[in-house]
Student: 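Questions regarding the structure given below will be posed in turn.
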Amino acid sequence: MSYFQKNLDTIIGYTQSHFELVFLAVFISLILWVPIGIMMTRNDKAALSIMGIANSIFCIPSLSLFAVFVVIPYLGLGRRSALVALILYSMMPLLGNVYRGIKLVDKTVIEAAKGMGMSARRILFEIQLPLAAPVIFAGLRTTVVMTTGIAAIAPYIGERNLGSIIIIGLAQPNLDMIVTGSILISLVAILLDTVMGFFEKKVIPKGIRISQGR
Amino acid sequence: MIELKNVTKKYKGQVKPAVQDLTLTVQTGETCVLLGPSGCGKSTTLRMINRMIEITTGDILIDGENIRDKDPDKLRMGIGYVIQLIGLLPHRTIAENIATVPRLFGWPKPKITARVNELLELMGLDPNTYRDKYPAQLSGGQLQRVGVARALAVDPPIMLMDEPFGAVDPLVRNRLQDEFLRMQKQMRKTVCFVTHDIDEAIKMGDKIAIFNEGKLVQHGTPQEILSNPANDFVKNFVGADRFLKKLNLSCVADAVRPFDNKITKDEVKTYVQSDMLLRDALGVMFEYNTDYLGVLKGEEILGTVSFHDIRSLMSQKEGE
């Protein structure tokens, strides 16, 4: 623990930077993937190919994906490449769950709503999204935890965050640093997941919680 | 009044139309049952009336106005729609579910609350108990009642019902049918009612339209269809016991006559109420092993009904 005590300022800086990267990546992913996921529900053919792409990207090892963007001009070494990679990784859990969540909404509910004269827009916002909320939120939670973990690899391409502690620790080697870095990243992931769990209760409509016996 | 004129529906990639050259008129205040085996086009027909399915060729007029000229959402807001699986919104309370269409019309809140309570009471559901419950907390029969209440919310002149009581057990179904008939007596809505159950059709329909393979085979009163089936398909569909089914269309009051010298009060072993269906009256005759029943209206003795009278009433109607 001596590393922790001696380098508190550095650690706080790394933690801050880690949060920043995760927050930015998740925020941009939400803005990007949620609307695309909604649009996909209206075109099954396109949905199939887009999900194929998302799955393929998800299969690429994170170090390779980071490395690929480094060679692209404008992205280069540092945060931009890391962001692009993280956003692409979140395509699978986030886009996928938005699409599946909406598709899983009971068809008879939609049929009845349409039959009562609700517009497609109202059906989306008042029925499909609230009913898909548990699945979408599960995707978001996965995205946040996953992004926290993969962000730790980003120091290899010039980003500085909690991952740096582990990477430097491995290179020296310094067991104290490795352990400290690992614990801190895990704590950040657990903390974020707990906060998300708290929000989940607020987002998911009461009627759904009752029908699921929660 | 709903008028279907030469309506045809052909789905993409299918050679045979789902509905072929259908012409049918449903009068205002009338319940028309669309009856037939699955895949006969009855549901498609119903769903074309509120444009859930678009017509391929032909026209549907509601009170003289072509539905093609109307905005589909606006059209649907003015038509009550009940489906077999109800489709209540699981994340909304019972009150919110019933308030769906009033909300679309932008009714003020107090008016919506009052209407929701009125409808819950009409459906025999105590508003205080059920208003704030969620669909998952209600039984099948209760959900079906809420489905009907929701369709009635803005008091639309037309109701489209697609096997509305198909998913509940026979006992509950019977009760729901009776309740709806009682309400319909006062409301006099124009109702299109889809079912594959001949008994339900006879019970609910002022008119029955029998479909087979996308075509209208016969359209008439239950009496006409049971008495004079248009062809072998109808004959088979209504069943070999169609004469017995006719007993469901008349009650004891239709066959009663006063006591005379031939049949005296002493010969009667038991009494039945005048509003009993003839079928049930026959059952009572079998039970008591008698040809004669006394008929009561409340406490008052109306006369008697005999096995012979019922028989001749049935065969007489056969000739109509």
Side-chain angles (χ1 to χ4, degrees), chain A residues 34 37-38 41-46 97-140 197 199-214, chain B residues 43 46-53 70-105 132-138 143 146-148 150-154 156 158-164 167:
Chain A
V34 173
I38 292 170
T41 60
R42 288 165 195 187
N43 188 339
D44 286 329
K45 243 187 187 163
N97 279 37
V98 170
Y99 176 73
R100 268 191 300 278
I102 293 177
K103 277 282 172 186
L104 278 175
V105 172
D106 189 350
K107 294 266 185 314
T108 53
V109 174
I110 309 289
E111 153 100 10
K114 196 178 162 198
M116 285 187 291
M118 281 178 99
S119 61
R121 201 186 140 78
R122 264 181 189 273
I123 290 176
L124 175 66
F125 284 105
E126 293 184 23
I127 300 174
Q128 288 174 311
L129 285 178
L131 291 183
V135 181
I136 295 177
F137 217 88
L140 181 60
F199 278 117
E200 191 170 359
K201 286 209 180 74
K202 309 237 150 187
V203 170
I204 295 174
K206 194 177 165 211
I208 301 182
R209 276 183 274 140
I210 286 173
S211 59
Q212 292 177 342
R214 283 202 264 171
Chain B
S43 270
L46 187 86
R47 289 155 55 84
M48 283 193 288
I49 298 174
N50 64 355
R51 288 186 66 178
M52 292 295 280
I53 295 176
K70 291 191 173 179
D71 173 68
D73 289 338
K74 293 261 163 56
L75 173 79
R76 291 176 198 138
M77 276 161 71
I79 297 177
Y81 188 47
V82 187
I83 55 177
Q84 182 180 2
L85 297 167
I86 322 166
L88 293 181
L89 311 182
H91 59 307
R92 297 264 174 92
T93 63
I94 298 306
E96 287 167 344
N97 265 288
I98 297 175
T100 306
V101 185
R103 234 164 32 87
L104 294 179
F105 275 104
D132 300 324
K133 285 224 155 67
Y134 285 93
Q137 298 168 306
L138 266 61
L143 290 175
V146 175
V148 174
R150 181 175 67 171
L152 287 170
V154 294
I158 295 173
M159 295 275 284
L160 304 179
M161 309 177 85
D162 196 347
E163 307 216 18

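Values reported hereafter were calculated over all heavy atoms of this structure, with side chains retained and with hydrogens, waters and symmetry mates removed. Note on naming: letters A, B, ... go to the chains in the order of the sequence lines (proteins, then strands), and numbering restarts at 1 for each one. These numbers come from a predicted model, not from an experiment.
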Student: Heavy-atom distance under 4.5 Å to chain B: side chain of Ile127(A), backbone, both or neither?
Tutor: both
Student: Could you tell me which of Pro72(B), Ala153(B), Gly147(B), Gly87(B) has the largest number of non-hydrogen atom pairs under 4.5 Å with chain A?
Tutor: Gly87(B)
Student: Which heavy atom of Lys70(B) sits nearest to which heavy atom of Arg51(B), and what is that distance?
Tutor: O-NH1, 2.8 Å
Student: Please collect all salt bridge (charged side-chain N to carboxylate O under 4.0 Å, His left out) contacts where either partner lies in residues 122-132 of chain A, sequence neighbours excluded, each pair once.
Tutor: Arg122(A)-Glu126(A), Glu126(A)-Arg92(B), Glu126(A)-Arg103(B)
Student: Select, from Lys74(B), Lys133(B), His91(B), Met77(B), the one with the greatest count of heavy-atom pairs under 4.5 Å involving chain A.
Tutor: His91(B)
Student: Output yes when a side-chain donor or acceptor of Arg150(B) lies under 3.5 Å from a complementary backbone atom of Ile86(B), and no otherwise.
Tutor: yes
Student: Would a distance-only check, ignoring hydrogens and angles, find a side-chain to backbone donor-acceptor pair under 3.5 Å from Asn50(B) to Arg76(B)?
Tutor: no
Student: Flag the one option from Leu89(B), Leu160(B), Leu104(B), Val154(B) with the top tally of heavy-atom pairs under 4.5 Å to chain A.
Tutor: Leu104(B)
Student: Heavy-atom cut-off 4.5 Å, strictly under: side chain, backbone, both or neither for Leu75(B) against chain A?
Tutor: neither
Student: Looking at Pro130(A), Ala112(A), Gly115(A), which makes the most heavy-atom pairs under 4.5 Å with chain B?
Tutor: Gly115(A)
Student: Measure the shortest side-chain to side-chain distance between Lys103(A) and Asp44(A) over non-hydrogen atoms and say whether it is less than 4.5 angstrom.
Tutor: yes
Student: Name all residues meeting the salt bridge (charged side-chain N to carboxylate O under 4.0 Å, His left out) criterion together with Asp106(A); count only those two or more places apart in sequence or in a different chain, and write none if there are none.
Tutor: none
Student: Heavy-atom distances under 4.5 Å only: say whether Gln84(B) touches chain A with side chain, backbone, both or neither.
Tutor: neither
